[in-house]
Amino acid sequence: MLLSFVTPLLVLAGSALSKLSDGRLTGNMAPPPIVKKVQLRGDGSRNHSKTGATLPPLGTVYTFDQLIDHDTPRLGTFKQRYWVDWEFYESGGPIVLFTPGEENAEGVSPSCHAEECRIFNACLVLSPGYVGYLTNETVSGVIAQQQNGASIVLEHRYYGLSNPYPDLSVASLKYHTIQQAIDDLVYFADNVKLPFSDNVTPAQAPWVLVGGSYSGALTAWTKVNKPDTFWAGWASSAVVESITNFWEYFDPIRQFMPQNCSADVQAVVAHFDSVFASGNTSAFDALKAEFGMADVVHPDDVTGALRNNLWDWQSLSPISGAGALFWQFCDALEVKDRENAPASGWGVDHAVSAWGSYFKNTYLDILCGGQDAETCLGTYNASQSFWTNTTIDDANRSWEWIVCNEVGFFQDSAPVGTPSLVSRIVLPSGDERQCEMMFPEAFSSPAVPNVGQTNKAYGGWSAHADRLFYANGLRDPWRDATLSADNHTMPSTPSQPITESDGFHAGDLIISFGTADATVAKVQQQGFDYIKGWLAEWKPAGHHRRED
């Protein structure tokens with residue numbers, strides 16, 4: 001089986017409405033905390049490791065009749081897609097369920113139509129999405145192989161083709177909540193009839209839930225909220241604490257990026273703020289023109305767009321080479337006449353000129369393609385179709401619904417007095433306004449996500465569940481929403497181990513990243529050891545289920 005790692009910039013996520021090279025709708029919309037993909041490049045013949053029986057291709061799509069509303073079963077069901085591999089399965093082995101979270105799990109349109117999938121319950125596709133998480137290129141596949149289990153990838157409701165309704169209108173999105181997603185996982189485990197066996201419910205076999213980033217949080221939230229379904233869990237870079245003003249996103253970047261680059265970025269954004277505060281409109285217009293944004297109307301869209309060079313940090317991994325966009329950006333700022341800047345940087349004059357030249361002449365084309373800067377970066381034009389289009393398989397719209405209602409994660413400037421890589425005029429109010437523009441039927445004024453309710457329901461930084469392995473990364477920009485946050489660290493225990501590598505975002509889920517980084521490999525091995533030990537403790541129903 002041929003596989004390869006895929007960075008977000010190489011895969012156009014979501015629907016055809018996606019505007020930018022990385023799949024986002026606008027350059028002032030933060031990227032979601034997605035898990036990196038492992039791409040299937042071929043679906044050759046496959047056989048069971050012990051019996052030699054022929055297996056279907058990994059890209060075979062199955063569907064499950066999932067409840068639209070777990071509180072009101074009479075509303076009916078929808079077809080939720082999943083993929084499964086049982087190459088190493090033996091009777092009594094675990095079922096390892098990977099939940100990819102906030103994207104189309106398949107990655108591309110299927111080779112058969114959705115209607116055919118509904119009629120025949122399965123169809124064959126070649127997938128560059130998350131189906132690679134069935135394989136031993138990832139921790140979920142390795143667990144299945146090592147423990148003689150089967151692996152499953154289950155598409156999240158309201159992503160890809162797993163939709164209760166034919167659109168993503170506000171009325172349809174009524175049942176798009178964290179709790180419904182948790183209940184999906186539980187109902188699937190309790191009721192699915194897998195193609196290789198009907199006798200593998202959580203009462204009959206141990207289930208292991210695996211996820212990363214948002215889906216890592218979903219793994220943790222499920223173990224907290226419904227502790228008796230999944231015997232064990234692996235939560236990678238799990239963003240368990242919902243935060244409205246998540247300025248801390250940029251703090252690990254500031255700490256671990258080259259310090260000369262950090263110094264000059266701070267100097268440039270402070271310069272933008274100073275010019276704006278002066279009220280000298282001509283000077284601000286000249287400055288934004290230097291960055292190729294002369295036609296961008298609103299100052300916060302101008303300065304907010306500079307975050308894109310920082311957001312590229314999220315795509316880094318232990319195998320990222322010098323050609324990664326983030327390193328190109330810092331090289332553009334800090335290499336002058338073949339000489340690297342000192343730790344203090346070159347200073348604001350050179351940095352403005354260098355960043356402006358790179359942003360205008362190189363980066364805008366990478367980010368925006370053929371779009372003009374205002375179309376690409378502006379967030380005030382309510383007539384733009386991405387605010388109003390409700391076509392399914394638009395991961396951006398589906399994710400923004402959760403952002404605006406339950407988790408926040410607005411990535412803006414740091415508080416005054418704290419070093420900031422982001423302009424001080426970039427504030428959560430801009431993100432809240434975007435929520436109102438995208439979902440006007442739900443928000444008559446700028447939306448403020450109810451993060452307090454989310455954290456109360458699922459524990460946030462105080463989340464606790466037995467047999468749940470947390471793996472975090474020191475260089476992860478999402479770290480301060482995890483249990484390895486700088487100021488809210490929870491103690492690691494044998495029943496809830498919390499580990500941290502020197503790695504990036506959810507990097508422990510991909511085996512090759514451990515090959516490249518010994519600290520990631522150590523975390524991976526710790527996780528495998530814990531899961532193995534916990535599975536050895538499992539007993540059939542009646543021995544471990546709680547009494548109601």
Side-chain angles (χ1 to χ4, degrees), residues 13-20 23-32 66-72 74-78 80 101-104 114 155-184 214 242-245 298 300-301 304 375 378-412 427-454 457:
S15 71
L17 287 173
S18 295
K19 298 294 186 180
L20 308 188
R24 289 176 297 139
L25 299 179
T26 165
N28 270 297
M29 182 176 287
Q66 184 62 264
L67 294 175
I68 294 173
D69 180 10
H70 292 274
D71 295 324
T72 315
R74 69 175 181 271
L75 284 182
T77 63
F78 67 97
Q80 188 171 30
E102 67 278 31
E103 271 204 278
N104 183 319
E155 189 167 64
H156 196 299
R157 64 168 52 209
Y158 289 94
Y159 294 95
L161 302 184
S162 295
N163 292 274
Y165 297 108
D167 61 35
L168 296 177
S169 66
V170 167
S172 296
L173 289 167
K174 175 181 180 181
Y175 303 107
H176 183 30
T177 67
I178 291 171
Q179 187 61 54
Q180 294 283 356
I182 290 171
D183 292 342
D184 282 353
Y214 161 69
S242 296
I243 304 169
T244 300
N245 182 8
H298 297 275
D300 56 336
D301 284 342
T375 301
T379 62
Y380 284 80
N381 183 357
S383 68
Q384 288 179 282
S385 62
F386 61 74
W387 297 123
T388 57
N389 191 288
T390 60
T391 306
I392 65 167
D393 196 15
D394 181 358
N396 296 275
R397 184 175 179 85
S398 295
W399 174 242
E400 283 300 300
W401 179 257
I402 296 296
V403 165
C404 296
N405 283 284
E406 297 190 84
V407 298
F409 294 139
F410 299 147
Q411 296 157 29
D412 301 307
L427 301 169
S429 57
D431 301 280
E432 293 163 358
R433 178 179 45 77
Q434 289 188 49
C435 293
E436 182 185 8
M437 293 179 71
M438 185 168 280
F439 308 111
E441 301 89 346
F443 307 114
S444 58
S445 59
V448 179
N450 196 344
V451 299
Q453 178 177 302
T454 303

Engineer: Look only at the side chain of Ser169 and the backbone of Ser172, and say whether a donor-acceptor pair between them is shorter than 3.5 Å.
Structural biologist: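 Judged by distance alone, yes, a pair lies under 3.5 Å.
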Engineer: Any side-chain heavy-atom pair from Leu168 and Asn163 closer than 4.5 angstrom?
Structural biologist: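 Side chain of Leu168 against side chain of Asn163, heavy atoms only: contact under 4.5 Å found.
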Engineer: For a 4.5 angstrom cut-off between non-hydrogen side-chain atoms, does Leu161 reach Phe78?
Structural biologist: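 Side-chain contact under 4.5 Å: no.
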Engineer: Excluding sequence neighbours, so at least two apart, what forms side chain to side chain contact (heavy atoms under 4.5 Å, CB included) with Ala382?
Structural biologist: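 Result, side chain to side chain contact (heavy atoms under 4.5 Å, CB included) vs Ala382: Met437.
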Engineer: Would you indicate whether the side-chain heavy atoms of Ile68 and Gln180 approach each other to under 4.5 Å?
Structural biologist: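 Side chain of Gln180 against side chain of Ile68, heavy atoms only: no contact under 4.5 Å found.
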Engineer: Should Glu400 and Phe439 be marked as a side chain to side chain contact (heavy atoms under 4.5 Å, CB included) after you check the CA-CA gap, both sets of side-chain angles, and the distance that decides it?
Structural biologist: CA-CA 9 Å; Glu400 283 300 300; Phe439 308 111; 4.1 Å; yes
Engineer: Where is the tightest heavy-atom contact between Trp387 and Thr379, given as atom of each residue plus distance?
Structural biologist: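 Minimum heavy-atom contact is CZ2-O, 3.7 Å.
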Engineer: Checking the side chain of Asn405 only, and the main-chain atoms of Trp401 only, is there a donor and an acceptor separated by less than 3.5 Å?
Structural biologist: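 Here the side-chain-to-backbone pair exists.
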Engineer: Using atom types as modelled and distance alone, determine if a side-chain donor or acceptor of Tyr159 lies under 3.5 Å from a backbone N or O of Trp399.
Structural biologist: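 Side chain of Tyr159 to backbone of Trp399, a donor-acceptor pair under 3.5 Å: yes, one is there.
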Engineer: For Thr391, is there any backbone N or O sitting under 3.5 Å from a side-chain donor or acceptor partner on Arg397?
Structural biologist: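 No, because the side chain of Arg397 does not come within donor-acceptor range (under 3.5 Å) of the backbone of Thr391.
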Engineer: Ring centroids only, cut at 6.0 angstrom: are His70 and Tyr175 within range, meaning strictly under it?
Structural biologist: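 No.
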Engineer: Partners of Phe443 by ring pair (Phe, Tyr, Trp, His ring centres under 6.0 Å), sequence neighbours excluded?
Structural biologist: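 By the ring pair (Phe, Tyr, Trp, His ring centres under 6.0 Å) rule, Phe443 matches no residue at all.
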Engineer: Which pairs, with at least one residue in residues 155-180 and sequence neighbours excluded, count as a salt bridge (charged side-chain N to carboxylate O under 4.0 Å, His left out)?
Structural biologist: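 Sorted pair list: Arg81-Glu155, Arg157-Asp184.
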Engineer: Are Pro449 and Glu406 packed together at the side-chain level, in the sense that at least one heavy-atom pair is separated by less than 4.5 angstrom?
Structural biologist: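 Result no, sub-4.5 Å side-chain heavy-atom pair not found.
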Engineer: Taking only residues two or more places apart in sequence or in another chain, which ones pass side chain to side chain contact (heavy atoms under 4.5 Å, CB included) with Asn450?
Structural biologist: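 Checked Asn450 against side chain to side chain contact (heavy atoms under 4.5 Å, CB included); matches are Gln453.
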Engineer: Going through the checks in order, is the side-chain hydrogen bond (donor to acceptor under 3.5 Å, both in side chains) test met by Asn28 and Thr26?
Structural biologist: CA-CA 5 Å; Asn28 270 297; Thr26 165; 5.1 Å; no
Engineer: Among residues at least two apart in sequence or on other chains, which ones pass ring pair (Phe, Tyr, Trp, His ring centres under 6.0 Å) with Tyr158?
Structural biologist: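 Ring pair (Phe, Tyr, Trp, His ring centres under 6.0 Å) check on Tyr158 returns His176.
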Engineer: Going by the rule side chain to side chain contact (heavy atoms under 4.5 Å, CB included), which residues pair with Thr375 if we only count those two or more places apart in sequence or in a different chain?
Structural biologist: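 Per chain and number, Thr375 pairs via side chain to side chain contact (heavy atoms under 4.5 Å, CB included) with Gln371, Asp372, Gln384.
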Engineer: Whether the side chain of Arg24 engages the backbone of Met29 through a donor-acceptor N/O pair (distance < 3.5 Å, no angle test) should be reported.
Structural biologist: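 Checking the backbone N and O of Met29 against the side chain of Arg24, a donor-acceptor pair under 3.5 Å is found.
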